[in-house]
Structure formats: structure tokens, C-alpha cells
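A quick write-up on the structure given underneath.
No hydrogens, no waters, no symmetry mates; every other heavy atom, side chains included, goes into these values. A note on names: the letters A, B, ... follow the listed sequences, proteins ahead of strands, and every chain is numbered from 1.
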Number of protein chains: 2
Amino acid sequence: MPALAGAECGSVAAGIRYKAREDMTVFRFAPGTTVAGVFTMNKCPGAPVDWCRAALKGGKARALVVNAGNSNVFTGKAGRETCERTAAETAALVGCKPREVFIASTGVIGERLPTDVLLAALPRVMEGLQQEGWAAAARAIMTTDTFPKAATRTARIGDATVTINGIAKGSGMIAPDMATMLSFIATDAKIPGAVLQKLLTRGNAKSFNCVTVDSDTSTSDTVLLFATGQAKHPRVTADSPPSLLRDFARALEEVLHELALMVARDGEGAQKLITINVTGAVSAKSAHRIGMAIANSPLVKTAIAGEDANWGRIVMAVGKAGEPADRDKLSVAVGGTWMAREGGVIAGYDETPVVAHMKGREVEITVDIGLGRGKATVWTCDLTHGYIDINGSYRS
Amino acid sequence: MPALAGAECGSVAAGIRYKAREDMTVFRFAPGTTVAGVFTMNKCPGAPVDWCRAALKGGKARALVVNAGNSNVFTGKAGRETCERTAAETAALVGCKPREVFIASTGVIGERLPTDVLLAALPRVMEGLQQEGWAAAARAIMTTDTFPKAATRTARIGDATVTINGIAKGSGMIAPDMATMLSFIATDAKIPGAVLQKLLTRGNAKSFNCVTVDSDTSTSDTVLLFATGQAKHPRVTADSPPSLLRDFARALEEVLHELALMVARDGEGAQKLITINVTGAVSAKSAHRIGMAIANSPLVKTAIAGEDANWGRIVMAVGKAGEPADRDKLSVAVGGTWMAREGGVIAGYDETPVVAHMKGREVEITVDIGLGRGKATVWTCDLTHGYIDINGSYRS
């Protein structure tokens, strides 16, 4: 991961829950940094999500504090105080307002976060901040992840080249415990907060919002995008022509997409990355919902884990989505081989190429609804014994 | 299971898919038998579901033909013809109209049902019909079930005693393959079809519709209720006072409830039956949806499989339901022990009794939303390695 002007970071072993590994990361951003964010739709969000939502209204960011091991969720007044104290102490060290400090926590729910332990580590981590700290940060924010997740791109704004760096953690969109999805992206471009928010919302809809591991929505999911404004490029305003940011939007979407796919690939217990293309739905939204119904079906996911080309389960999942669908117009393909067309198995259907495709690490399902022009792609992973192992015992 | 006047049944090994076991069941009902039914909400239902929905409009039933091993789903024109031929041949043997013959199939999707094999077995099964055939029928309709499911009750209508017998199959509400939920109930009471339908719809809402194994909705789910009219009791009409059928409704709901709980208990791979009580929601419907979000959460179900009293995952599931909920008013109990109250863990919470409760075969979760008076109870099972074993390999 390249250095990025205006963004320094560092990670330490604060000892919040894990022993002998870095579990706390701080980013310091240059004065003038703008920020955008998207958050979990869960109705019981953690205190850090509440804090970030409120802080986002200011539109400015100078620091980000992330810890792994305790999510500070369902912790009531104590949880709010943890956020307030963390922001106040960080602001004092950075020299900014508390509302310019963003906070993200991931880990166990319902246990009080040991605030003093976190705050005691703050001065230590601030001393070691550096522009080259991205790779270490990607590792420090991990929980049940099996590999760190980072992506980078460059983009042209006018004649200038800007950089976009992103890291993520998560073994799914999932999970209140150790599997929350967090992602932090920064760029040295100078982009007003409102424009940044629009870009992030659009990119997120095509990436993180199209990924599911187990249908469980974390109480802490957070994606934040920071623009440090250190690069020299033509001025960007809300009224700039769309062409000015076209390449930046492309690069941002690539970073988000790459990170989102890493999350799906690292789904708890996952052995295969599954891509689900839906075409011919009555709308893009309908296609997305059908895709998610397939992606969240335990029966589809266990069949793929078993390398069984069981397209009947795909038909079932389309039907249970509640979206317009006509059994007799439905077609299903796996790995590019059409198995069923317009309501029935294809005459002379030969399973051989499908069986071969199912044995690979990447499985592609295509469903044509046959009703309209709406399409969508979503990603998930298979459901294996590993998922049961991880989630049936981890807390004890 | 007691004999029931006006209902005879028999089962044979037709050889549709399974070898050396009974896989086909026929019921013959007395002339004048009325019928009610509820069916899957899946948008890609099987041909037998289409057939039953149409036949139900006549309100009369003389026969029911059930097979296990092939669901006749996604079989296009051939599937419709199978139903038409089955009904015509059965009607000829019974001496009734084809529309008085009901059909239910369960098993693999997308493979043509060998109609000739089914029809060849018909005369054989008709020869052996008897009022004592219920227990054999409960076994013959099984697929991945590990035990047959049957329940019986008596009820008073006026001074007369009537009987209600029911059988079910299903390792969940789930699944397009071998785990469809089918249930057939009969009574010797004489009740008009419209009244019967009202009773079944109401009873089903409190029983089978409150059970989930894995959130996957079968393409074939079917519940049929037959009233043979052989018992002598005061005449029942649409205008009868509600008190006349109060005890019958109670007994019917008990049969449905007992069968539904057997389905949850026999969920694929299940080791524990989970009861989820939701109170304090804004409405009964909202409480039901929250209960189902908990019941369908893979993280809640794996935690229970691991005997881990992980109430954070329950909070997550409440929040993801999309129903009105306020984190700071939420309370959670397991096995009658309150763990969290109004947004935080209980002071001095002692996990000991909860841990003991979790080790049992039945686990009870209670969630109080703290917003209103809506309540609901739903049932499910834990998510175990057994589920992955059954569904990751069964077809091959």
C-alpha cells in the first residue's frame, strides 16, 4: 500500500481483548480533510455508529480511532461515555474538535469496553503515526478475518494523479460479534463533503451492499471515506461537470469492489466465492432482491459447499424472494452452462461442465427472470462446516 | 392413531425414487367430504400446488394422492399432465370427479415424475385402503424426516364427540428438495368448506406459519384439512354461533401445533427445539416478524448449537428485523433468566442458570421490545454440522 499525503496511521497492541497482537489503529488526517460515511441499517446500532452519524454532520475529520475485540454495542450510557472520552482525548492530542474524531469498534456485544485501557494506549499510538502504516492497519482491524484486506488505485482529476487507499475487515456483512464489516478509505484528492458522500453512497450500493455472508446484519457496519485535500488538481465543487470526477469515481468503485469481494471470499468458513448475476427482472431493485434471496439461501450455499449443481434450490430461492417471477419464464445457468430454460430442464442437459465448474474456488450463477430488463450482481460464499465451527463455539 | 369414520388410507412402495420403502399414500374419503387448504407463498410452486389450488374451488374431496421422492416442481407441461392423469385415474377408481382428487408431491425438483410408475401402483394401493392406515401413511410421506409425525385429538360439537387426526412430514418449512412441509388432517365432523377454511387459516397462522428451520420456503408446502361428515352432531353452518365450534377449533389448533413443533424438532440436523417469545412489540405482526428474524439468524442458531448464551446475537437479530425497536428499551431472557434489560447487561448478571438451560434439548428465548403490547411465539431449531452434512451432499 502506497503512502498517501495527509493521512498517517499507526497500530498498537492495546490489550482490549486480544493478547499479543495489534488491536487498535489510529489515523490522523491533515487539516481540511472532508469525510463521508455509510452505516449499518440495524435498528440496534453500536455507540460508535451513533457517534459517527452525528460527527458526520460537521463534514470534517482529523482522526479515526478503531479497535478490535469489543464492539461497544448494547452498552447503554457507558458506551456513549466511551465514545465521548475517546473523542475528547484524541482531539486534545491532535489539536482538533472532538466532532472531528471518528470512532469504529468491532468485537463482542454487550460487554463494557475498557475505556481506560483504550485511552492509555492513545499517546503510544500517536507517537508512531506514519504515512506507510496502511498494511499494519489492515491487520490490526481484523477479527475472525483470515487475511488482511487492502486495495489501492490511482485516478486522474484534470491533469493531476490522485491516490485512493482502502482497507476493510469482515467475514461478511454479518454478525454482531467478531465479524462486523468495517472499511476505511482515504484519498489525497480535495473534494467537498457533500460530493464525497454522493460518490461513496453510489459506490457502496454497487459493492458492500451487494455482498452477504449469512444474512445477519451487524450492529456496527461502518464505511468511511476521507479526502485529505493534499493533491493539486482542478477545483472540485458541487457544480463541477460530472466528467471531472468520472475517473475518480471509477477508481473509488474499483477499490470498494475489490474490498467487498475480499470480504465475501473471506466469509466465515468460506471455501468458494459465489457470484450471482440476475437478469431480466422487472427492475434493478427487484433483480438485487432476487440475487440476495439466492445469496442468503442456506440450501443454495450448502449445495455449493457440497459441489452439487442443485439448480432446483436456485429456483426455490427465486420464488421465495417475493419479487415478480414466473416459473415458466425462468432460466438458470451455472458457470455459463444453461441448465434450465423457461420453466424446465434443458432437453439433453449434460451436467459434466457444470460439475467441473462447481469444483473450482469461484462459482458463478446466472438467473434470467424473463420478465424485464432489470439486472444486478451480488456476491456471497458457500456455507460449510467451518461456519458452524467458528460461530458455534467462538465466544467460549 | 385411531380410525376415523369416512377416511381410509393405504401406502405402498411404488418405486418412484426410493427403493424398498413405502413412498406413496392414498386417502379415500366418504362422499360429501369437504376440504380446506393452505399453500406455499413461493412464486415458483410445483404443479401439484397449482392443481390443489384449482381443485379447492370445488370445496369437495374424495381422494388424496401423495408421493415422496419427486416433487414435480419446475417440470413444465409434463408436470401438469402428471397431475391431470393422476387425478383422472384416481377419480375412475374412486368413482368421483377428477377435481375431487387432491395431489401432493415432495422430493427432488426439476426431474420429471415417472407418471407411469405412480399410476401403475394406484390400483394396488386402492385395494389395501383401511381406516387404520394413518401410522403407515405418516411413515410413507417422510423424506429427510428422522421420525414420523402424527397427532390426534377429540372435540365436542354439541353433545357429540368428533375426532381429528393429522400427519405431517418436513424437516422445516424449508427446502425445495427433500424437506418440503406437507400436512394432512382429517376429521369425521360435518363442516361446510368455507367454515373449514376459516378454521384452518386461523390455526395455520399460529402453528405451521410460526415454524422455520432455515428461512428457505419450499415450492410445495401444502396443508389440507378434510371433513368427512360421518359424525352425528348439531348442524354447522356459516351462521352457527362461534361457541358451537369453539372446542373443535381448540382441538384442531392443538393438532396443528403438535405437528408444527414436531417439524421444528426434526429440523435438518437439529439437536435442540428453540421457542422464541416476543413481547412488547408495536403489534402482533411486528412481534412475529421480530421472532422470525431471530429464528432465521444463522448466528443465533449456531450459538445455540454451541450452547453459548450469546445474547448479543439476539440483539443483532432484533435490530435487523426492520421492525420498530429501541435498543435502550430492549430486554432479553434465556430459559427465564433475564440477561439484559433496557439496553444493557443486567448488573451482577450470573450466567450459571443460563448455561445450564442451554445444555438442554429445549431452549427458550424471550425478548421484550418495550414499545407496545404486541406478542408472538415462533419455533425453530439450532444450526449444526448435521444440516451441512444433509444439505451439502444429499443429492449425489
Side-chain angles (χ1 to χ4, degrees), chain A residues 41-45 71 73-78 108-111 174-177 214-219 296-299 302-303 305-306 308 310-313 315-328 330 340 342-345 383-385 387-388 391-396, chain B residues 41-45 71 73-78 108-111 174-177 214-219 296-299 302-303 305-306 308 310-313 315-328 330 340 342-345 383-385 387-388 391-396:
Chain A
M41 299 295 285
N42 195 296
K43 296 279 181 75
C44 299
S71 68
V73 170
F74 217 63
T75 45
K77 192 156 163 282
V108 72
I109 281 188
E111 289 182 14
I174 47 164
D177 286 313
D214 58 6
S215 83
D216 278 344
T217 307
S218 165
T219 46
N296 280 324
S297 160
L299 287 167
T302 48
D308 178 6
N310 194 322
W311 57 269
R313 296 186 181 179
V315 171
M316 173 282 302
V318 171
K320 80 161 185 165
E323 291 296 312
D326 178 341
R327 180 185 58 197
D328 298 333
L330 202 60
E342 299 181 0
V345 67
L383 174 55
T384 69
H385 285 293
Y387 184 86
I388 309 286
N391 290 301
S393 59
Y394 109 83
R395 212 193 51 152
S396 17
Chain B
M41 298 296 284
N42 195 297
K43 296 280 180 76
C44 300
S71 67
V73 170
F74 217 63
T75 44
K77 191 157 164 281
V108 73
I109 281 189
E111 289 182 14
I174 48 165
D177 285 312
D214 60 5
S215 82
D216 279 343
T217 307
S218 165
T219 46
N296 280 324
S297 161
L299 287 167
T302 48
D308 178 7
N310 194 324
W311 57 270
R313 297 185 180 179
V315 171
M316 173 282 302
V318 171
K320 80 160 186 167
E323 290 297 312
D326 179 341
R327 179 187 58 198
D328 299 332
L330 202 61
E342 298 180 0
V345 67
L383 174 56
T384 70
H385 285 293
Y387 183 86
I388 310 284
N391 290 300
S393 60
Y394 111 83
R395 211 194 50 152
S396 19

## Note on the structure
In terms of heavy-atom pairs under 4.5 Å with chain A, the winner among B:Val345, B:Val318, B:Val315, B:Asn296 is B:Val315

### Task
Just give me the residue among B:Met41, B:Glu323, B:Arg327, B:Lys77 that pairs up with chain A most often, heavy atom to heavy atom, under 4.5 Å.
B:Arg327

### Query
Can you name the closest pair of heavy atoms from A:Val73 and A:Cys44 and give their distance?
CG1-O, 4.0 Å

### Message
Which atoms of B:Glu342 are under 4.5 Å from chain A, going by heavy atoms: the side chain, the backbone, both sets, or neither?
### Response
neither

### Side chain, backbone, both or neither of B:Thr75 within contact of chain A (heavy atoms, under 4.5 Å)
backbone

### Message
So which residue, B:Ala325, B:Pro45, B:Pro298, B:Gly110, ends up with the most heavy-atom pairs under 4.5 Å with chain A?
### Response
B:Pro298

#### Entry: B:Arg313 and B:Thr302: CA distance, side-chain angles, deciding distance, side chain to side chain contact (heavy atoms under 4.5 Å, CB included) verdict
CA-CA 10 Å; B:Arg313 297 185 180 179; B:Thr302 48; 3.6 Å; yes

#### Entry: From B:Ile388 atom CD1 to A:His385 atom NE2, the distance as rounded to the nearest 0.5 Å
6.0 Å

### Task
Tell me, out of B:Ala317, B:Ala305, B:Ser297, B:Gly322, who's got the most heavy-atom pairs with chain A below 4.5 Å.
B:Ser297

### Which atom of A:Asn42 lies closest to which atom of B:Gly319, heavy atoms considered
OD1-CA, 3.0 Å

## Note on the structure
B:Ile109 and B:Phe74 have their tightest heavy-atom pair at CG2-CB, 4.1 Å

